[in-house]
Amino acid sequence: MVRCWYAADVTPERDQRSELQLDPPQPIDIQQVGELTGVLYWKIDADNYKSEGILDKIRKERGYSYEDVIEVSPDTLPNYEQKIKNFFEEHLHTDEEIRFALAGSGYFDVRDPQDRWIRIALEKGDLIVLPAGIYHRFTLDEKNYIKAMRLFVGEPVWTPYNRPADDMEARKQYVHKFS
Ligand SMILES: CSCCC(=O)C(=O)O
Ligand SMILES: [Fe+2]
């Protein structure tokens with residue numbers, strides 16, 4: 001199962017790529033994360049997802065018509081350093097952010113209703129959907145590599161709106177559902 005926990009703050013001694021566990025650690029299951037934040041989660045066979053059928057079913061049910069693959073590593077991602085910085089600035093989108101890990105791993109951090117960070121350790125075979133309007137951020141972990149499928153409804157819009165973006169319609173609608 002995908003591991004999730006409440007995350008400590010980044011400090012000069014504790015890099016964003018470390019686990020950022022609290023002391024004592026405060027784990028939470030993905031199901032509870034979903035209830036608190038609206039994040040959706042599926043486990044998929046990343047080596048056989050075409051024949052397995054789960055991804056196709058999700059795609060049809062949720063209208064995901066677009067897909068591409070992003071490989072986050074210094075050699076494969078143009079403008080790597082800047083993108084790594086941008087991914088980790090707290091932000092929201094006006095649409096869902098859908099990521100399916102094909103290889104490697106990384107951390108998605110999402111805010112809970114009390115504005116605490118929950119860290120979701122995405123690994124090969126994990127598919128998550130972050131709802132429109134949720135404040136979140138992404139970082140690689142210490143292994144420094146992820147390859148992920150990005151899905152979207154229609155033409156993709158990746159624009160991040162950095163916090164504060166509380167007056168945005170997507171944010172207001174999100175807060176109305178989860179607070
Ligand atoms: C796991 S995919 C890399 C991160 C990303 O695409 C994003 O944060 O938008
Ligand atoms: Fe994002």
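Everything numeric in this text was worked out from a predicted model, so none of it was measured.
To the nearest 0.5 Å, atoms CG (Leu122) and CG (Asp141) are separated by 10.0 Å. We find the CD-CG distance between Glu81 and Asn86 to be 11.5 Å, quoted to the nearest 0.5 Å. Rounded to the nearest 0.5 angstrom, Leu55 CG and Leu151 CG are separated by 6.0 Å. The distance from atom CG of Leu22 to atom CG of Asp9, rounded to the nearest 0.5 Å, is 8.5 Å. Summarising the geometry, atom CG belonging to Asp112 is positioned 4.0 Å from atom OH belonging to Tyr6; distances are rounded to the nearest 0.5 Å. From Thr94, atom OG1 reaches atom OH of Tyr161 across 5.5 Å, with rounding to the nearest 0.5 Å.
No more than 12 heavy atoms of other residues, nucleotides or ligands shown are found within 6.0 angstrom of NZ on Lys57. Counting non-hydrogen atoms of other residues, nucleotides and ligands closer than 6.0 Å to NZ of Lys83 gives a total above 12. The local environment of NZ in Lys43 is crowded, with over 12 non-hydrogen atoms from other residues, nucleotides or ligands closer than 6.0 Å. Residue Gln31 places its CD atom among 12 or fewer non-hydrogen atoms of other residues, nucleotides or ligands, all under 6.0 Å distant.
Glu96 and Phe152 get closest at one heavy-atom pair: O-CE1, 4.0 Å. A pairwise comparison of heavy atoms in Leu140 and Ser105 identifies CD2-O, 4.1 Å as the closest pair. In terms of heavy-atom proximity, Thr76 sits nearest to Ser73 at OG1-OG, 2.7 Å. Across Asn144 and Tyr80, no two heavy atoms sit closer than the pair OD1-OH, 3.7 Å. Taking all atoms of both residues into account, the shortest heavy-atom contact from His136 to Glu97 is NE2-OE1, 2.9 Å. Pairing each heavy atom of Tyr107 with each of Arg17, the nearest pair is CE1-O, 3.5 Å.
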Worked check of side chain to side chain contact (heavy atoms under 4.5 Å, CB included) between Arg62 and Leu40: CA-CA 12 Å; Arg62 303 189 63 82; Leu40 305 178; 3.4 Å; yes

Leu36 and Ile28: CA distance, side-chain angles, deciding distance, side chain to side chain contact (heavy atoms under 4.5 Å, CB included) verdict: CA-CA 11 Å; Leu36 289 174; Ile28 174 170; 3.8 Å; yes

Verdict with reasoning, Leu92 to Leu130, per side chain to side chain contact (heavy atoms under 4.5 Å, CB included): CA-CA 9 Å; Leu92 60 76; Leu130 308 185; over 6 Å; no

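A salt bridge links Asp47 with Lys124: the distance from a Lys NZ or Arg NE/NH1/NH2 to an Asp or Glu carboxylate oxygen falls below 4.0 Å.
Checking side-chain atoms of Trp42 against main-chain N and O of Ile58 turns up no donor-acceptor pair under 3.5 Å. Looking at Arg111, its side chain never comes within 3.5 Å of a backbone N or O of Arg116 through a donor-acceptor pair. Judged by distance alone, the side chain of Arg150 and the main-chain N or O of Tyr66 form no donor-acceptor pair under 3.5 Å. Between the side chain of His93 and the backbone N or O of Thr159 there is at least one donor-acceptor pair closer than 3.5 Å. At distances below 3.5 Å, at least one donor-acceptor pair connects side-chain atoms of Tyr174 with backbone N or O atoms of Thr37. Of the possible polar contacts, one joining the Ser65 side chain to the Gly154 backbone as a donor-acceptor pair under 3.5 Å is found. Between the Lys147 side chain and the Gly104 main chain, no donor and acceptor come within less than 3.5 Å of each other.
Linking ILVMFWY residues whenever their side-chain heavy atoms come closer than 4.5 Å, directly or via other members, places Val2 and Ile118 in the same cluster. Linking Ile, Leu, Val, Met, Phe, Trp and Tyr residues whenever their side-chain heavy atoms come within less than 4.5 Å leaves Tyr135 and Val157 in two separate clusters.
You'll find the side chain of Val33 stays beyond 4.5 Å of the side chain of Tyr41, heavy atoms only. Residues Ile70 and Trp158 form no side-chain contact, since every pair of their non-hydrogen atoms from C-beta on lies 4.5 Å or further apart. Between Val153 and Asp95 there is no side-chain heavy-atom pair separated by less than 4.5 Å.
Classified by interplanar angle (parallel below 30°, tilted 30° to 60°, perpendicular above 60°), the ring pair Phe87/Phe138 is perpendicular.
Judged purely by distance below 3.5 Å, without hydrogens or angles, the side chains of Asp75 and Tyr145 never pair a donor atom with an acceptor atom.
A salt bridge (charged side-chain N to carboxylate O under 4.0 Å, His left out) with Glu67 is found for one member of Lys50, Arg59, Arg99 and no other, namely Arg59.
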